[in-house]
J.: 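There's a structure below that I have some questions on.
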Amino acid sequence: MKEIQIIIRPNFYFKTKKALADERYYAMSTKDVLGRGKARVSFKAAEGETAGSSDVYENVFVAKKMISIVVPDKDVDNVVRIVLQVNSHKMEGDGKIFVLPVEENIRIHTGEKGEDALI
């Protein structure tokens, strides 16, 4: 089993979730996260600033969405393919995918273990 951590732009979250569900990957956890890659993000002040303000602010973190999904080893390539199809726009900030090993999975309600407890 593997855990796939997917960090993407918030505006592609629902499209990614739908694409995964269309392929029968329903079970996942999601959360809002802040982070950054190699490049800093800068923006000009707008809201609440006086007209003509040219102040530039640097923000070291950007809002992203994180999806965590645990799948059998045989499904990893398919999940990664789906995520890349939806989120790859060849631009900085498209996101990141991490694939991590999972040693055990236990459904608390029934005590099932391993792949039987995934679905």
J.: Say you draw a straight line from NZ of Lys2 to CG of Asp75; how long is it, rounded to the nearest 0.5 Å?
T.: 12.0 Å
J.: Kindly indicate whether the side chain of Ser68, heavy atoms from C-beta on, has any atom under 4.5 Å from the side chain of Glu3.
T.: yes
J.: If every non-hydrogen atom of Ala63 is compared with every non-hydrogen atom of Leu34, which pair is closest and at what distance?
T.: CA-CD2, 3.7 Å
J.: Between the main-chain N or O of Gly114 and the side-chain N or O of Asn105, is there a donor-acceptor pair closer than 3.5 Å?
T.: yes
J.: With rounding to the nearest 0.5 Å, note down the distance linking OG1 in Thr16 to CD in Gln85.
T.: 11.0 Å
J.: Rest of the hydrophobic cluster containing Phe98 (Ile/Leu/Val/Met/Phe/Trp/Tyr, side-chain heavy atoms under 4.5 Å)?
T.: Ile7, Val33, Met66
J.: Apply side-chain hydrogen bond (donor to acceptor under 3.5 Å, both in side chains) to Thr110 and list each qualifying residue two or more places apart in sequence or on a separate chain.
T.: Glu112
J.: Would you mind listing the cluster partners of Ile8? Hydrophobic ones only (ILVMFWY), side-chain contacts under 4.5 Å, chaining allowed.
T.: Ile4, Ile6, Tyr13, Phe14, Leu20, Tyr25, Met28, Ile67, Ile69, Val71, Val76, Val79, Val80, Ile82, Val83, Leu84, Ile97, Val99
J.: Do Arg107 side-chain atoms and Ala117 backbone N/O form a donor-acceptor pair below 3.5 Å?
T.: yes
J.: Closest heavy-atom contact between Arg9 and Glu92?
T.: NH2-O, 2.7 Å
J.: For residues Phe61 and Arg36, report the shortest heavy-atom separation together with the two atoms involved.
T.: CD2-N, 4.3 Å
J.: If you measure from the Lys or Arg side-chain nitrogens to the Asp or Glu carboxylate oxygens, is any gap between Arg81 and Asp77 under 4.0 Å?
T.: no
J.: In chain order, what residues pass the side-chain hydrogen bond (donor to acceptor under 3.5 Å, both in side chains) check against Lys15, with sequence neighbours excluded?
T.: none
J.: Mind checking salt bridge (charged side-chain N to carboxylate O under 4.0 Å, His left out) for Lys65 and listing every partner two or more places apart, or none if nothing turns up?
T.: Asp32
J.: Kindly write out the residues that satisfy salt bridge (charged side-chain N to carboxylate O under 4.0 Å, His left out) with Asp116, not counting sequence neighbours, or none if the list is empty.
T.: none
